[in-house]
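Right, one structure below, let's go through it.
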2 protein chains.
Amino acid sequence: MPTSRSYRDSCGIARALDVLGERWALLVVRELLLVPQRFSELRRALPHVSSNLLADRLRELEHHGVIRRAPAPAGGAQAYELTERGRRLEPILGALGDWGIEAPQPPPPAALSATSVLLFLRGAARPDPAAPPVTCRLELDGRAWTVDLADGRVQVAPGEPATAAASLRAEPTTLSALLADPDSLADACADGSVAVVGDLSAIRRLLAAVADPWSSGDQ
Amino acid sequence: MPTSRSYRDSCGIARALDVLGERWALLVVRELLLVPQRFSELRRALPHVSSNLLADRLRELEHHGVIRRAPAPAGGAQAYELTERGRRLEPILGALGDWGIEAPQPPPPAALSATSVLLFLRGAARPDPAAPPVTCRLELDGRAWTVDLADGRVQVAPGEPATAAASLRAEPTTLSALLADPDSLADACADGSVAVVGDLSAIRRLLAAVADPWSSGDQ
DNA sequence: CAGGATCCTTAGCGATACTG
DNA sequence: CAGTATCGCTAAGGATCCTG
C-alpha cells in the first residue's frame with residue numbers, strides 16, 4: 001500500500017517533497033540516472049531497502065510521472081526508466097551529492113552502488129584537455145560501462161565499448177578507493193581485488209583525472 | 001529523541017539524505033533561508049509539524065552543522081539560523097522548488113508560509129531592467145520585509161525599509177494568488193484581504209515583474 | 001508566552017517468508 | 001525474477017503538560 005501523506009503546503013519545495021521525500025525515493029532516482037534498471041538490479045544496488053518498500057516507491061514514482069515501466073531492452077523482462085520529468089532531477093541530485101560529500105565527519109564504512117561510483121567519477125573527473133582521447137571499459141557488479149575521456153570531458157555510457165584501451169573489473173567500493181588513492185592501483189592488481197586488461201596507463205589516466213587537483217577551482 | 005537512521009551508503013546523495021532526508025528537515029531549512037527564525041515562528045510557518053518533531057529536527061540539523069542557535073536578534077529569546085553549510089543548500093532548494101512547481105496536477109488547496117511566497121517572488125520576478133528602481137514594503141504574518149526592484153533584479157530582505165514607495169499587507173496565500181493574477185488587486189483591496197498604503201502603481205510593478213513573461217526563456 | 005518535554009496512537013518502515 | 005503477504009518496530013502525528 002503506497003504512501004499517501006502530504007505536507008499540505010503549496011510551496012514548490014514542499015510539493016516536490018510530497019513526491020520525492022519518502023524514504024528511498026531519491027536513491028531510486030539516482031540508480032536510474034545512468035541506465036534503466038530492473039527490479040532485481042535495484043535491489044542489488046540498494047541492499048537495505050526491503051522489497052515491498054521498493055515496490056511501493058516504484059509505484060509512487062511511476063504514479064507521479066518520475067519513472068515509467070520500460071518494455072525491457074533485452075531479456076524479456078521489464079525495466080524502470082526515468083521520464084523526462086525524472087531526468088530533470090539530475091542536476092539537483094548532482095548538487096545534493098556535492099553537498100553531501102563535503103561532510104565534516106569522515107564517512108563510516110558503507111556500501112556503494114555502481115551507479116554511485118560512476119556518477120561521482122563523471123562529476124569529479126577533470127581530464128587534461130590537451131591529452132589525446134582514450135576509452136576505457138569498466139565492469140562493475142557484472143555490468144559493462146564505457147568511459148570516454150576526451151577534450152577535458154568525461155562520458156559514461158552503459159554497455160560495452162566498440163573498442164577500448166583497457167578494461168577494469170572491480171567492486172564499486174574498490175574502484176572508489178582507487179579513485180581516492182590512485183597509487184594503490186598496483187597493490188590492488190596484485191591482490192586480485194582489481195583486474196585490469198589492456199593498457200594500464202589508460203587506467204592510470206582515468207584515475208588521475210579524478211584525483212588531480214591541477215584544474216581545481218570547481219569550474 | 002532524535003532520529004538516527006542511515007542509508008549506510010557512501011554516495012554523497014545518500015549521505016546528504018542522512019542529514020536532510022527526515023521528514024520536515026528541508027522545510028525547516030527553507031524557512032531559515034531568508035532570515036533567522038524562532039521556534040514559535042517556525043511553528044506558525046509549518047503548522048502541521050508537531051512541536052516535539054520540530055524540536056527533534058532542530059537538534060539534528062544543529063548537530064549536523066546545518067543550523068545553529070543564534071543569540072537572538074532582539075527580544076531576549078534565541079533564534080535558529082543557517083550555518084555556512086546550511087546556506088549552501090539554497091540553490092538546491094531553489095532548483096527543487098522549480099521542479100515541484102511544474103507538477104502535472106493542479107495544486108490542492110494548501111497553506112503557504114511567508115518565506116515560501118517570498119522565495120517564489122524572488123526567484124520568479126523578472127523586473128524590467130529599463131524601469132527605475134522601486135522599493136516596496138511587504139507585511140506578511142506580522143513581519144515586515146523590504147523588496148527592492150532595480151536593474152532587472154529583485155532583492156528581498158527582512159525588516160523595515162528605510163523608505164518605500166508602497167506597503168502591502170496580506171496573508172501569504174493571498175499574495176500568492178495576487179502574483180498569479182495581478183488583475184485581482186483591485187478586488188482584493190476592495191474586499192479588505194489586501195491592504196495597500198502608498199503608490200499603488202509600485203505594487204502593480206512588483207506583481208507584474210512576476211507575472212509578465214516578457215523576459216521569459218528561463219534565463 | 002516562548003520553548004520545549006511527555007504521553008499515546010497511527011502509519012510508514014524493515015525484515016522475513018511466501019507466491020505466480 | 002518480480003514482486004506480495006505478514007508482522008514487529010520505530011518514527012511521525014497530535015494533544016497535553018511542564019518550566020523559565
Side-chain angles (χ1 to χ4, degrees), chain A residues 1-9 14 17-28 31-32 36-62 67-81 111 141-143, chain B residues 1-9 14 17-28 31-32 36-62 67-81 111 141-143:
Chain A
M1 139 198 355
T3 309
S4 73
R5 62 179 167 186
S6 167
Y7 284 106
R8 286 176 284 175
D9 187 319
L17 291 175
D18 280 345
V19 174
L20 306 169
E22 303 299 326
R23 202 159 168 74
W24 297 105
L26 278 176
L27 295 188
V28 169
E31 283 306 310
L32 299 179
Q37 305 250 33
R38 310 178 25 177
F39 192 87
S40 56
E41 296 173 314
L42 291 172
R43 289 217 66 189
R44 251 189 312 151
L46 304 170
H48 298 298
V49 65
S50 55
S51 56
N52 57 355
L53 196 49
L54 179 57
D56 279 355
R57 288 298 165 269
L58 290 170
R59 246 191 305 273
E60 295 163 28
L61 289 172
E62 182 183 13
I67 68 175
R68 82 166 71 87
R69 287 160 195 267
Q78 69 184 347
Y80 296 89
E81 66 180 11
D141 285 344
R143 184 194 281 262
Chain B
M1 145 197 351
T3 308
S4 73
R5 59 179 169 185
S6 166
Y7 285 107
R8 286 176 286 175
D9 187 319
L17 292 174
D18 279 344
V19 174
L20 307 168
E22 301 299 325
R23 204 161 165 77
W24 297 106
L26 278 176
L27 295 188
V28 169
E31 283 304 311
L32 299 179
Q37 305 250 35
R38 303 165 41 158
F39 190 88
S40 57
E41 295 173 315
L42 292 172
R43 290 216 65 188
R44 250 190 312 151
L46 304 170
H48 298 298
V49 65
S50 54
S51 61
N52 56 358
L53 198 48
L54 179 58
D56 279 355
R57 288 297 165 269
L58 290 170
R59 247 191 303 272
E60 295 164 28
L61 290 172
E62 183 183 12
I67 67 175
R68 82 165 71 87
R69 288 160 194 267
Q78 67 183 345
Y80 296 88
E81 67 181 9
D141 284 344
R143 183 194 280 261

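Sequence lines set the chain letters: A, B, ... in the order given, protein chains first and strands last, and positions in each chain run from 1.
Atom NE2 of B:H48 is separated from atom P of D:dA15 by 12 Å (rounded to the nearest Å). Between the CZ atom of B:R8 and the C1' atom of C:dA15 there is a distance of 11 Å, rounded to whole Å.
Inter-residue side-chain proximity for B:R143 and B:E41 is flagged as met; some heavy-atom pair is nearer than 4.5 Å.
Judged by distance alone, the side chain of A:R23 and the main-chain N or O of B:G21 form no donor-acceptor pair under 3.5 Å. No donor-acceptor distance shorter than 3.5 angstrom exists from the side chain of B:R43 to the backbone of B:R38, with no hydrogens or angles considered. Side chain of A:Y7 to backbone of B:W24: a donor-acceptor contact under 3.5 angstrom is found.
Counting only N and O atoms by type, the side chains of B:Y80 and B:R68 include no donor and acceptor under 3.5 Å apart.
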> Taking protein heavy atoms under 4.0 Å as touching, what does nucleotides 1-11 of chain D look like 5' to 3' if B marks base contact, S marks sugar-phosphate-only contact and - marks none?
Replying inline: SSBBBB----S
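For C:dG14, the OP1/OP2 oxygens have a side-chain nitrogen or oxygen of A:W24 closer than 4.0 Å.
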